[in-house]
Amino acid sequence: MNTGFVPNRAHRRLMHRRKLLVAGVIAAVFFFLTAFNLGSYLFYKQLGNHLEQSLNMKMRTAAELASYLIGNYLPDDIYDISGYYMIRPILSRIHERQDFEAVYLIDRRYNVLVESSQLLEFATSRGYLREDSTAISLALEDSVTTSQLHIVEDNIFKSVYAPVYNVFGETVILVMEANVDFLQIIAIFRRGLYIGAVISMLLLGLVSIFLILATSLFLKTETKLFESQRLASMGQMAATVAHEIRNPLGIIKSTSDLLKEEYYDRENPNELWNYINDEIKRLNRLVNDFLALSREPKLVQTETDLGQLLQDAVSTFRTDNNLTVNLIAPPPNLRIYCDADKIHQVVLNLLLNAAQAMEDRPGEIVLESDIVKRKGRTIVRVRIRDDGPGISGDPQLIFEPFFTTKTRGTGLGLAVSKSIIEKHGGEISAGNRPEGGTEFVFWLPVKN
Ligand code: ADP
């Protein structure tokens, strides 16, 4: 029977509320960060759009004025290279004064007719203009149009296309290309925004993990607290019941002894008499364990010869059990400061458990002790090994009060042993041995 702690409904509801609170905090931080990132993104978008709009307007105005000016000087034959001698200086001035990267005229097939800086040969085609074919088509239909932003080797460019007509109504396109560096700042801002979003989400992830871990630790601690409170009240109740049982039990025992003396037939023994005694012993043990667990163990510590203590425990054990105990002698004169009766009780309990685990199996119980260094302290280590089936499941669970796998077990022996060892400032643990069987180890300080 494993009577591990089962939280009641109110406690479950409380834990549920705490979990909801943490989930709420995480969700709120998530929404806040998302809203902040979204807001920054929208702000970036608005700012970018606004700057681009006003740039478009400026470029269009400049292009309209320039096309109007150039229109007066456009040759009758647009492919007459000499006809552009008046236009080139105008383009150069626009280039310099308006801070454009390039200013030139093209025909409908993107061939350059004249260029501000004379870098391009007459009638060479500017292939990349095809990317802006829509804007150029619109310009050919008489509207001044700006292109999309072009990013070339980390530089951002924008072009404006404006129609220019000669006297015969033939159309050429004025192209003005601007390097819009300031938009790079916005691009940096955007990059910053992405990095910020990633970092904030990573931080949120870390904070969430931390919160979840902290909450589960908190809930575990709280559950333990609830458990110990419950055990404390159960212990109080058990102590009261145990006291009430103890007295009638004493009366039953003495009465049964009297009756046995009077009616026991030695010639024809009836084993029912033994049953009474065995059950009284069992009930007594149960009552004592209940009382031991419900009270803080009070220690009466004296300097004790550990070898002698172990020897005594083995002798007590042998009076009821005929299993072999291999007591490996501890280092001579190993004296510790402890409550000898209580440590005797622990060793005896571990020996009895080992014997019960082995039942009819062959093998032996080994009881060994030595001096070791643990966490920088010199301490005594006592090990009890058996050849039983070992512990199935989590070995730490067996120290829980009321944990038992035996039909007639109380599940209190190890819980009491643990509280005694811990009261001495020691530790106790159990584990399965690789070769089979169980090993219990407890450590005690040599001196308190
Ligand atoms: P009880 O003996 O009344 O069951 P204990 O607290 O002494 O109570 O033991 C709790 C449980 O631990 C046992 O029911 C058993 O399942 C397990 N146990 C204890 N000692 C051993 C052992 N030597 N080998 C295997 N299991 C053990």
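First listed ligand is number 1; within each ligand, the first listed atom is number 1.
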To the nearest 0.5 Å, what is the distance between CG on Leu397 and CG on Leu414?
11.5 Å
Sort out the contact shell of ligand 1: every protein residue with a heavy-atom distance below 4.0 Å, listed by chain and number.
Asn353, Ala354, Ala357, Asp386, Gly390, Ile391, Ile398, Phe403, Thr404, Thr405, Lys406, Gly409, Thr410, Gly411, Leu412, Gly413, Leu414, Thr438, Phe440
Donor + acceptor pair across side chains of [X], [Y] (<3.5 Å):
X      : Y      : result
Asp312 : Gln308 : yes
Lys406 : Asn353 : yes
Arg385 : Asn326 : no

Ring-plane angle category for Tyr41 and Tyr44, please: parallel below 30°, perpendicular beyond 60°, tilted otherwise.
tilted
For Asp387, which residues count as a salt bridge (charged side-chain N to carboxylate O under 4.0 Å, His left out) partner, sequence neighbours excluded?
Arg433
